[in-house]
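Worksheet: one structure, shown below.
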Protein chains: 2
Amino acid sequence: MSRVVSRNEINMADVAQRAGVSVATVSRALRGLPGVGEATRERILEIAEELAYVISPEASRLSGGPTRRVGVVVPAADMWFYGQMLAAIERRLRAADLDVLIYQVKDVDVRQRFFRQLPTRRKVDVVILIALPLPPEEASRLDHLGVEVVVAGGSVRDFPHVEVDDRAIARTAVAHLTGLGHERIGMIRATSYGDVHWDPDRLRLEGYQLELAAADLPQRPEYVASVPFTPEGGAEGADQLMSLPDPPTALLCFSDEIAFGALEAIRRRGLRVPEDVSVIGIDDHPLAATLGLTTVRQDVAAQGEMAAEMALLRLDHRRVEDVVMSHELVVRTSTAPPPARGTT
Amino acid sequence: MSRVVSRNEINMADVAQRAGVSVATVSRALRGLPGVGEATRERILEIAEELAYVISPEASRLSGGPTRRVGVVVPAADMWFYGQMLAAIERRLRAADLDVLIYQVKDVDVRQRFFRQLPTRRKVDVVILIALPLPPEEASRLDHLGVEVVVAGGSVRDFPHVEVDDRAIARTAVAHLTGLGHERIGMIRATSYGDVHWDPDRLRLEGYQLELAAADLPQRPEYVASVPFTPEGGAEGADQLMSLPDPPTALLCFSDEIAFGALEAIRRRGLRVPEDVSVIGIDDHPLAATLGLTTVRQDVAAQGEMAAEMALLRLDHRRVEDVVMSHELVVRTSTAPPPARGTT
DNA sequence: CTGAAAGCGCTTACAG
DNA sequence: CTGAAAGCGCTTACAG
């Protein structure tokens, strides 16, 4: 207590000396290994506490221990979905006393460099890949990582993963609209970023098409707009679809953020939501409740936690099962039956 | 090329053997230290490349090198502002080949544990603190970190920091409103989180009050609402202020996210923005453009980059100057002159 | 310009 | 239950 711990670090040898034992015994005691007398162990723990001893991770690692670090590879930390994921993963892993390293790989060249250099090698025990669309060459590089891999928000090869059923999510949304009586339903897709295709986008489009078919509605390619994954993108998409000669009466948006832009664009055209046009999103973004947006909710934080849990299991080399998280329709005020034909 | 690099790592000794030199020479060559013949250096670099050699950070660190890791301590990675900051910091630091460790400390107990245990000790070379309101006991613990400290989005003690002028930002916003002729101007504050006071909130309130005084307008405490830092909070705040007997004609919101909620609440009351009520935010969140929100823009990513830059300098033990980043009024369609008195 | 050797702070057989 | 010693893969004086 009287002693200030600063740059001159306290080492295991200091603890050992103070306790009158060898460093080997301190090492065992601190890690809860068998082969240390109860009294000895307690004394050692007390002294370590008192000296505010922190183990040198480098030395520990170098002599065979794990790094106790997890790498999270994510397209961009500044987008809502990834931020949620990342935050949840960090919280869970921190609780298990692991450190979290973050690697953003949004830009194609940064991502390619990542997979060429594999900078997580020798630095982490597990890598969590978040919703990363990967060309085969890059996916195959993962074997060279030399660490466990877990995937969240999608799937990559046969690595353990947690995801939602994007096809079913889109079907749920479209079924809600057809249930209200809509027959002209448009979809605003979010274009893949960079050079690679994005699974959720592809699967949600499939779900949209499947559900239209299930409701005996025609597939109208002009009802599908592809836009950048931003609110402005959503506005563009809505403008494009609503200026069609025979515009849709309802819009499924790839995400709530896209939907926010669509809502605004529709209002700017002098149309009312939901009287003239219904809008449904996907995610249940915090703003969705405020803006009254009907959406299909997925629990992003829960996916992150689950991914962290899987990482923890893989650390112990235990088998883990893939997980598909549930989703749920949240009806608010942006969806209603279509206007009577010709009224618009 | 023919050799697969996997779990059996390639060490410096392997490179040395292949190159027919000692590990000492390889170590020097790889780090660009003087005292290695040009031809030797080139051969070593080639072989290292060919073998896809990655240095063991643990061994390097243990024998005196830096960790080449930076810890970022942030309230929550899943909030817009922090996500922007974090993303920008990571990008800059990654470009300098440093790894970024993230520590979330939103909850009081987690934060207290952080400052009790200081888990970044022995793990990073620099810690970047993002917009962290800290009680004095915790701020003083930073001396025990044993690493450099840099602060972003605020200031803590006399550590080098980058911030915006929150007082001036609020004054700019209020001046815009008074310039339009508003005399009844409300403010929606974001309450501090947890047990500590939040500088930007306090300073923006001060700026609001100063600018009212400068315009010879009365301070009306009932015109200031304190709400949680969420869109719903913004809606609550707007409801509270607009249901006053003599409601404001303009609202300054702590942030754009608060303003989004306020906009919606105002609309729900059957009032129009900006005809009946003007709303101004702070930040220039991506949705602000879409929703036509007038705001005072601050470049959060630039602040993050600057903080990363400072961290890089501190790594080299160079002196750094504190930085105050600029801000800028962005006029959109949510602000206009007040309605003629009595019209509302 | 280059190498042999000590040392960084731990963990892990191996003995006792 | 406990300790002495080797070893992890580097860096850094110290020699040459």
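The shown structure was predicted, so the numbers you read here are calculated from the model rather than taken from an experiment. Naming convention: chains lettered A, B, ... in sequence-line order (proteins, then strands); numbering from 1 in each chain.
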- Which sits closer to the 5' end of DNA chain C, R41(B) or A13(A), going by the nucleotide each is nearest to? R41(B)
- Item | Comparing M12(A) and E38(B) on DNA chain C - which has the more 5′ nearest nucleotide | E38(B)
- Task: Sort out the partner of dG16(D) for me: Watson-Crick or G-U wobble, both distances under 3.5 Å, none otherwise.
- Result: dC1(C)
- Looking only at heavy atoms, which two atoms of V124(A) and G71(A) are closest? And how far apart? CG1-N, 3.5 Å
- Message: On a heavy-atom basis, which atom in R94(B) and which in D99(B) lie closest, and how many Å separate them?
- Response: NH1-OD1, 2.7 Å
- Under 4.0 Å between any heavy atoms, over every strand shown, what does G35(B) touch: base, sugar-phosphate, or nothing? Just pick one. base
- Query: What does R61(A) touch in the nucleic acid at a heavy-atom separation under 4.0 angstrom: a base, only the sugar-phosphate, or nothing?
  - Reply: nothing
- Item | Test item: S22(B) side-chain N/O and T25(B) main-chain N/O as donor-acceptor pair under 3.5 Å | yes
- Message: Of all nucleotides in DNA chain D that come within under 4.0 Å of a heavy atom of chain B, which is furthest toward the 5' end and which toward the 3' end?
- Response: dG9(D) to dA13(D)
- Contact check, side chains of I128(A) and I89(A), non-hydrogen atoms, under 4.5 Å: yes
- Query: Does any non-hydrogen side-chain atom of V162(A) lie less than 4.5 Å from one of M310(A)?
  - Reply: yes
- Message: One thing to verify: whether D143(A) and R157(A) come together as a salt bridge, which I'm taking to mean a side-chain N less than 4.0 angstrom from a carboxylate O.
- Response: yes
